[in-house]
A.B. asks: 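Supplied in structure tokens, the structure appears directly below.
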Amino acid sequence: MGAENTVKGTNLFIKMMNISSDFCEKTGIILATASGFIMLFSLLVGVITRWLPFMTPAIWSEEVARMCMLWLTANGASVAYKRLELVKFNLIIDAVPEKVRFFLEIACYLCIISVLVVILNSGYDMLLLKMRVRAAATKISYFWWALGLYIGFVLMAVHTLKMLIDHLSTWNKVMKGETA
């Protein structure tokens, strides 16, 4: 009875991680797309106002574009990470036996989680510091600039936990000598 409840609890946890990761992917897509369009619009406004002789150049456009680039990069990277579309060097990992590879991949996920924890911890402090600083032209707080990066790293952390859990779920197959 206790083992059955543990399995149900584990399956519920895996299902919740899958739902969370899918939600984070959709959030990343929305944030990256929206920031990309805003960046494109602000750059177009900046270029148009510089070339038209009867208009004053929009000095705010470059700041808005840079802020959107941070949001686009961090959130777009989280989506690419979830979809396994980032560059991955597997030269050493692919050269070792399946069981050793299994443990090396666990170590990789744990390293990624460790780095993300450090980044998120330092990033929180950075967010608090950036609240007081404002951009020159737009007067937008740098908090909003840094928030895009922070959100992207949070999304990556959720994806990494999900990938680690999925990887660990293949434990029995790998230990029996089957392909995961």
Side-chain angles (χ1 to χ4, degrees), residues 1-40 67-90 93-94 98-131 140-176 178-180:
M1 183 73 121
E4 186 177 305
N5 287 339
T6 303
V7 170
K8 285 181 183 179
T10 304
N11 288 338
L12 179 64
F13 181 71
I14 291 172
K15 190 179 286 188
M16 292 303 294
M17 283 305 300
N18 288 334
I19 291 169
S20 298
S21 184
D22 291 343
F23 175 77
C24 287
E25 180 184 20
K26 290 174 185 167
T27 302
I29 290 169
I30 291 168
L31 292 173
T33 303
S35 59
F37 279 119
I38 294 169
M39 182 179 70
L40 179 63
M67 181 174 68
C68 289
M69 179 60 91
L70 290 173
W71 280 74
L72 174 67
T73 303
N75 292 292
S78 75
V79 173
Y81 180 65
K82 158 86 159 87
R83 295 178 178 181
L84 302 175
E85 294 176 351
L86 294 177
V87 175
K88 187 175 179 183
F89 297 100
N90 290 346
I93 290 179
D94 289 344
E98 182 76 25
K99 289 181 182 177
V100 175
R101 183 180 317 146
F102 182 81
F103 289 108
L104 284 175
E105 289 178 357
I106 290 173
C108 287
Y109 286 126
L110 293 175
C111 286
I112 292 169
I113 289 170
S114 300
V115 168
L116 286 171
V117 164
V118 169
I119 288 172
L120 290 172
N121 186 34
S122 301
Y124 180 75
D125 295 336
M126 183 185 70
L127 283 174
L128 296 177
L129 289 173
K130 295 293 182 180
M131 290 176 84
I140 296 174
S141 170
Y142 277 122
F143 168 83
W144 297 108
W145 295 52
L147 184 63
L149 292 171
Y150 197 80
I151 290 171
F153 288 130
V154 168
L155 299 179
M156 282 186 195
V158 171
H159 298 318
T160 304
L161 285 174
K162 184 229 181 249
M163 289 177 196
L164 177 61
I165 290 167
D166 287 347
H167 188 70
L168 289 172
S169 70
T170 63
W171 173 276
N172 290 334
K173 285 183 178 180
V174 172
M175 294 304 126
K176 289 178 184 175
E178 300 173 16
T179 306

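Owing to the predicted nature of the structure, the values given are computational and were not obtained by experimental measurement. As a basis for the values below, the full set of heavy atoms in this structure was taken, side chains included, without hydrogen atoms, waters or symmetry mates.
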A.B. asks: Closest approach of C68 and S35, non-hydrogen atoms and distance?
C.D. replies: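 Closest approach of C68 to S35: CB-O, 3.3 Å.
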A.B. asks: How long is the straight-line distance from CG of L104 back to CG of D94, given to the nearest 0.5 Å?
C.D. replies: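 Reported value, rounded in 0.5 Å steps: 10.5 Å.
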A.B. asks: If you count heavy atoms of other groups shown closer than 6.0 angstrom to CE of M175, is the number above 12?
C.D. replies: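 Yes - once you tally the heavy atoms of other residues, nucleotides and ligands closer than 6.0 Å, there are more than 12.
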A.B. asks: Check L161, T160, L164 against I112 for a side-chain contact (heavy atoms from CB on, under 4.5 Å) and give me the one that passes.
C.D. replies: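 Result for side-chain contact (heavy atoms from CB on, under 4.5 Å) with I112: T160.
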A.B. asks: Could you state the interatomic distance from CH2 (W71) to CH2 (W145), rounded to the nearest 0.5 Å?
C.D. replies: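 Reported value, rounded in 0.5 Å steps: 12.5 Å.
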A.B. asks: Could you walk me through whether L129 and Y142 pass the side-chain contact (heavy atoms from CB on, under 4.5 Å) test, one step at a time?
C.D. replies: CA-CA 9 Å; L129 289 173; Y142 277 122; over 6 Å; no
A.B. asks: Restricting to pairs with a member in residues 108-126, which pass side-chain hydrogen bond (donor to acceptor under 3.5 Å, both in side chains), not counting sequence neighbours?
C.D. replies: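 Residue pairs passing side-chain hydrogen bond (donor to acceptor under 3.5 Å, both in side chains), neighbours aside: none found.
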A.B. asks: What distance separates W171 CH2 from K99 NZ, expressed to the nearest 0.5 Å?
C.D. replies: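 Between W171 CH2 and K99 NZ, I get 10.0 Å after rounding to 0.5 Å.
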A.B. asks: If you round to the nearest 0.5 Å, how far is CG of N75 from CD of E25?
C.D. replies: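 So the CD of E25 and the CG of N75 are separated by 12.5 Å.
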A.B. asks: Do you know the tightest heavy-atom contact between I93 and C108?
C.D. replies: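 Distance-wise, the nearest heavy atoms are CD1-SG, 3.9 Å.
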A.B. asks: Quick check against the 3.5 Å criterion: does H167 have a side-chain atom that pairs as donor or acceptor with the backbone of F102?
C.D. replies: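 Here the side-chain-to-backbone pair exists.
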A.B. asks: Give me the atom names and distance for the closest heavy-atom approach of M163 to K82.
C.D. replies: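 Closest approach of M163 to K82, heavy atoms only: CE-CA, 3.8 Å.
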A.B. asks: Hey, could you give me the CE/CG distance between M156 and L120, rounded to the nearest 0.5 Å?
C.D. replies: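 M156 atom CE to L120 atom CG measures 10.5 Å (nearest 0.5 Å).
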A.B. asks: Quickly, which of S20, S21, S78 forms a side-chain contact (heavy atoms from CB on, under 4.5 Å) with L155? Name it, please.
C.D. replies: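 The passing option is S78.
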A.B. asks: Looking only at heavy atoms, which two atoms of L86 and A77 are closest? And how far apart?
C.D. replies: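 That closest heavy-atom pairing would be CD1-O, 4.1 Å.
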A.B. asks: Does any non-hydrogen side-chain atom of K15 lie less than 4.5 Å from one of N11?
C.D. replies: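 No, their side chains stay 4.5 Å or more apart.
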A.B. asks: For V79 versus G28, what's the shortest heavy-atom pair and its separation?
C.D. replies: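 Shortest heavy-atom separation between V79 and G28 comes out as CG2-C, 3.6 Å.
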A.B. asks: Take D166 and K162 through the test salt bridge (Lys or Arg N to Asp or Glu O under 4.0 Å) and record every step on the way to the result.
C.D. replies: CA-CA 6 Å; D166 287 347; K162 184 229 181 249; 2.5 Å; yes
A.B. asks: For the side chain of S141 and the backbone of K130, is there at least one donor-acceptor N/O pair under 3.5 Å apart?
C.D. replies: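 Pair found, side chain donor or acceptor close to backbone of K130.
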A.B. asks: Applying salt bridge (charged side-chain N to carboxylate O under 4.0 Å, His left out) as the test, list every pair that has at least one member in residues 142-156; sequence neighbours left out.
C.D. replies: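 Found none.
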A.B. asks: Would you check if F143 and L128 make a side-chain contact, meaning some heavy-atom pair closer than 4.5 Å?
C.D. replies: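 No - every pair of side-chain heavy atoms lies 4.5 Å or more apart.
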A.B. asks: Does M17 have more than 12 heavy atoms from other residues, nucleotides or ligands lying within 6.0 Å of its CE?
C.D. replies: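 Count over threshold, so yes.
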A.B. asks: Which heavy-atom pair separates A32 from G76 by the least distance, and what is that distance?
C.D. replies: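 Heavy atoms of A32 and G76 come nearest at CB-N, 3.8 Å.
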A.B. asks: How long is the straight-line distance from CG of L147 back to CE of M67, given to the nearest 0.5 Å?
C.D. replies: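 Spacing of CE (M67) from CG (L147) equals 10.0 Å.
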A.B. asks: With no hydrogens and no angle check, is any side-chain donor or acceptor of Y81 less than 3.5 Å from a backbone partner on H159?
C.D. replies: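 It does not hold such a pair.
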A.B. asks: Is it the case that atom CZ in F103 sees more than 12 heavy atoms from other parts of the structure closer than 6.0 Å?
C.D. replies: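 More than 12 heavy atoms, drawn from other residues, nucleotides or ligands, come within 6.0 Å of this atom.
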